[in-house]
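These notes concern the structure reproduced below.
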4 protein chains.
Amino acid sequence: MATATRLFAERGYDRTSVQEIVEASGVTKGALYHYFGSKDDLLHEIYGRLLRLQQERLDTFAGADEPVERRLREAAADVVVTTIDNLDDAMIFFRSMHQLAPEKQQQVRTERRRYHERFRALVEEGQRDGVFSTATPADLVVDYHFGSVHHLVSWYRPDGPLAPQEVADHLADLLLRALRP
Amino acid sequence: MATATRLFAERGYDRTSVQEIVEASGVTKGALYHYFGSKDDLLHEIYGRLLRLQQERLDTFAGADEPVERRLREAAADVVVTTIDNLDDAMIFFRSMHQLAPEKQQQVRTERRRYHERFRALVEEGQRDGVFSTATPADLVVDYHFGSVHHLVSWYRPDGPLAPQEVADHLADLLLRALRP
Amino acid sequence: MATATRLFAERGYDRTSVQEIVEASGVTKGALYHYFGSKDDLLHEIYGRLLRLQQERLDTFAGADEPVERRLREAAADVVVTTIDNLDDAMIFFRSMHQLAPEKQQQVRTERRRYHERFRALVEEGQRDGVFSTATPADLVVDYHFGSVHHLVSWYRPDGPLAPQEVADHLADLLLRALRP
Amino acid sequence: MATATRLFAERGYDRTSVQEIVEASGVTKGALYHYFGSKDDLLHEIYGRLLRLQQERLDTFAGADEPVERRLREAAADVVVTTIDNLDDAMIFFRSMHQLAPEKQQQVRTERRRYHERFRALVEEGQRDGVFSTATPADLVVDYHFGSVHHLVSWYRPDGPLAPQEVADHLADLLLRALRP
DNA sequence: TATGAATGAGTTTTCATTCAT
DNA sequence: TATGAATGAAAACTCATTCAT
């Protein structure tokens, strides 16, 4: 899985052959197929790993006993840090999801939606409480933020000038500022 | 090109075979290769089309004789509308750019950077003039906004509740609100 | 024809496409096919050119009014010089003859045999006259010499240490020495 | 390999498609590519087989404990017999070597040179010892002889009048006679 | 006399997956 | 639990030649 992750991130899912994965990881083709039903399964596992991680963290942050602004800010920043910390997984996620078989794709989308909705609930809560502006529909606000998270894989470089937490703080800050009433 | 655009958007670049393109468009393989040197060229042409269009529009909006807030807002909204109006091109762009041959990819990236820089200059101008907050580096602001633009191809549906211009107004609004000092 | 000759010599007949020939020579495909019926025809023309040249020169040398040792020596040396002077043609001849269409190949072989026989006649004449050894059948003697001529294209380099005439003298000398009774 | 050898000899390397090889040998394309990395590899293997065989035999003959005339004569005759015995391999060698990929071609050429040099050393030894004429440079002598060996594939027919050993004796004889001081 | 777009069969190679061992 | 040889369909691309203009 580690090898597959690296290769998928480097050259893309379709551009990585099973042959290359087994060669790079020193196992045989038979062994790989003994543990994974298909190349698709490998991809699916990678998704599952990231999805579970992020869902879990979001649940923690969103359910904390703190004011909603703070909970949203922390959740918004955390997803940035987590994404950067798992940049390969994230890159594969954002670039190769549509290469998954339809039924698995549907499943991932469903889990993704749950994640989106938990996040949206936070925004709506703040809007109801009057601490966030209602100028923009909550759905759009969430897509706005996640757009910037997905975009990280296109520009963030570990050796760049900004540490993950700095980027996270800036992006969360932008979100919160945009939501000021 | 129209057929290729549609198919690339539908199933992805790697998943679309030249055979499928020629069958769907009613030309022969030989004819296609008479006009395009490679499958890659086809992709490159699609990129060129979108890049030229967006660069041109940005230049117009950014160079207008208006206050910087207004110029940024209009540019930010326009790229949203243009992206939605060319959703297939945009989807191909954001999903398949890394499948382009290295040298062509570099070329696209260079043009893309020019675009990014023109946009950033607007933000910096507003920051210098004191109309935009300097809390966030301009670069990050631009990536924040373009994140949401790229993300459009993942969620925007022409038959959804929001018209392109509405989405554009909302997203530009979020940007401008985030930049309030 | 000049371009085709160069390209065929450089990369071989099968490896040279008609497209490359027309591009390198600045004519169009239509024009080429206006003057040559097929790619094969081009090759055949190149052969004809060399065959006619060599046959003509052999006839001159073999028919001269001189002792047979001298006529053979001069003919043997001349074919070496002529081959070196037309190294591209010769290379194509020796390497690509079997890529010619069967009927044309037969025709070339027939002309080649005539050439071989004229040369053999010289050897036989000398053997009858007692100036050449009869230890080796004349046919084999001719093949021995032409082997070394064909081989020139594999090792002779115009910028090497030996001038064409020097090589020719050495090879003719070897032949004549081998034929000493 | 046997099928490929036959087909390459019959119609040339470029004229033989992988499809034809697998059909004629009753294996699948996938199986062929499981064992050979490319069509080129197949050719390279054929070369290697012949090169190893001839180098080994030359080493044996040249290193024998006999007078140099005898060692040269036997080596010269043996390469003829070996070439005739492996006429398909030899034909492919002499006709298709330049169709090999550049790096592999270089490798073959290097091994070929080693062979040439061992042979030349014999000639030089005889020249130093005064048993061979020094009229012709040893290099040229070697090329003279190998020309006739290469040429065998152009004229020798197993059903012709001369047995391999007879041809070998005649050609070795011609060489030795040419070298008489 | 010349153009160059178009053809369609052909090329080599790759690939995910299977299965006897 | 693991091997690795084998499959067969599909991939991108090439090519000599034709033909309407």
Side-chain angles (χ1 to χ4, degrees), chain A residues 4 7 11 13-23 25-43 99 101, chain B residues 4 11-23 25-43 99 101, chain C residues 4 7 11 13-23 25-43 99 101, chain D residues 4 11-23 25-43 99 101:
Chain A
L7 291 176
R11 30 233 258 190
Y13 176 74
D14 277 328
R15 302 271 166 121
T16 306
S17 74
V18 172
Q19 188 60 42
E20 287 167 330
I21 297 170
V22 302
E23 268 167 23
S25 58
V27 304
T28 62
K29 240 184 248 198
L32 187 146
Y33 275 93
H34 186 72
Y35 291 103
F36 297 93
S38 67
K39 190 184 169 192
D40 224 68
D41 269 11
L42 265 173
L43 190 55
Q99 282 156 18
Chain B
R11 28 227 267 186
Y13 176 75
D14 275 330
R15 299 275 162 121
T16 306
S17 74
V18 172
Q19 190 59 41
E20 287 168 330
I21 298 171
V22 302
E23 268 165 22
S25 58
V27 303
T28 61
K29 229 183 268 195
L32 188 148
Y33 276 95
H34 186 70
Y35 291 102
F36 298 94
S38 66
K39 191 184 168 191
D40 225 68
D41 267 11
L42 222 37
L43 189 55
Q99 282 156 18
Chain C
L7 292 176
R11 28 230 261 190
Y13 176 74
D14 277 329
R15 301 272 165 122
T16 306
S17 74
V18 172
Q19 188 60 41
E20 288 168 328
I21 298 171
V22 303
E23 268 166 23
S25 59
V27 305
T28 61
K29 239 184 250 199
L32 187 146
Y33 274 93
H34 187 71
Y35 290 103
F36 298 93
S38 67
K39 190 185 170 191
D40 224 68
D41 268 11
L42 265 172
L43 189 55
Q99 282 157 17
Chain D
R11 20 214 287 179
Y13 177 74
D14 276 330
R15 299 275 163 121
T16 305
S17 74
V18 172
Q19 189 59 42
E20 287 168 329
I21 297 171
V22 302
E23 268 166 22
S25 58
V27 303
T28 61
K29 235 182 266 198
L32 188 148
Y33 275 95
H34 186 70
Y35 292 102
F36 298 94
S38 66
K39 191 184 168 190
D40 224 69
D41 267 11
L42 221 37
L43 189 55
Q99 281 155 19

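Residue numbers begin at 1 in each chain, while the letters A, B, ... track the order of the sequences.
Within the 3.5 Å criterion, the main-chain N or O of C/Asp14 finds no donor-acceptor partner in the side chain of D/Asp14.
Screening A/Leu42, A/Leu7, A/Leu43 against A/Thr16 for a side-chain contact (heavy atoms from CB on, under 4.5 Å) leaves a single residue, A/Leu7.
In this structure F/dT21 sits in a base pair with E/dA2, meeting the Watson-Crick or G-U test at under 3.5 Å.
A 4.5 Å side-chain heavy-atom check between A/Asp41 and A/Tyr33 finds every atom pair outside the cut-off.
Between the CG atom of D/Asp41 and the C1' atom of E/dT14 there is a distance of 15 Å, given to the nearest Å. Taking atom CG of residue C/Leu42 and atom C1' of nucleotide F/dA16, one finds them 12 Å apart after rounding to whole Å. As rounded to whole Å, 12 Å separates atom P of F/dA12 from atom CD of B/Gln99. In this structure, CG of C/Leu43 is placed 12 Å from P of F/dA16, rounded to the nearest angstrom. The distance between atom OH of C/Tyr33 and atom P of F/dA16, rounded to the nearest whole Å, is 6 Å.
Here C/Tyr35 reaches the OP1 or OP2 of E/dA2: one of its side-chain N or O atoms lies under 4.0 Å away. At least one side-chain nitrogen or oxygen of D/His34 sits closer than 4.0 Å to the OP1 or OP2 atom of F/dA5.
For C/Asp40 and B/Asp40, each mapped to the nucleotide of DNA chain F holding its nearest heavy atom, the one lying further toward the 5' end belongs to B/Asp40. Comparing B/Lys39 and D/Gly30 against DNA chain F, the residue whose closest nucleotide sits nearer the 5' end is D/Gly30.
Here A/Phe36 lies out of heavy-atom contact (under 4.0 Å) with every strand.
Listed candidates were F/dT14, E/dT17, F/dT17. Nearest to the side chain of A/Ser38 is E/dT17. Among the nucleotides F/dT3, F/dT17, E/dT13, the one closest to the side chain of A/Thr28 is F/dT3. Which of E/dA16, E/dT13, F/dT17 sits closest to the side chain of A/Lys29 comes down to E/dA16.
Put simply, CD on B/Glu20 and CZ on B/Arg15 are 11.0 Å apart, with the number rounded to the nearest 0.5 Å.
Of the residues in residues 15-23 of chain B, B/Thr16, B/Ser17, B/Val18 come within less than 4.0 Å of DNA chain F through at least one heavy atom, sorted by number.
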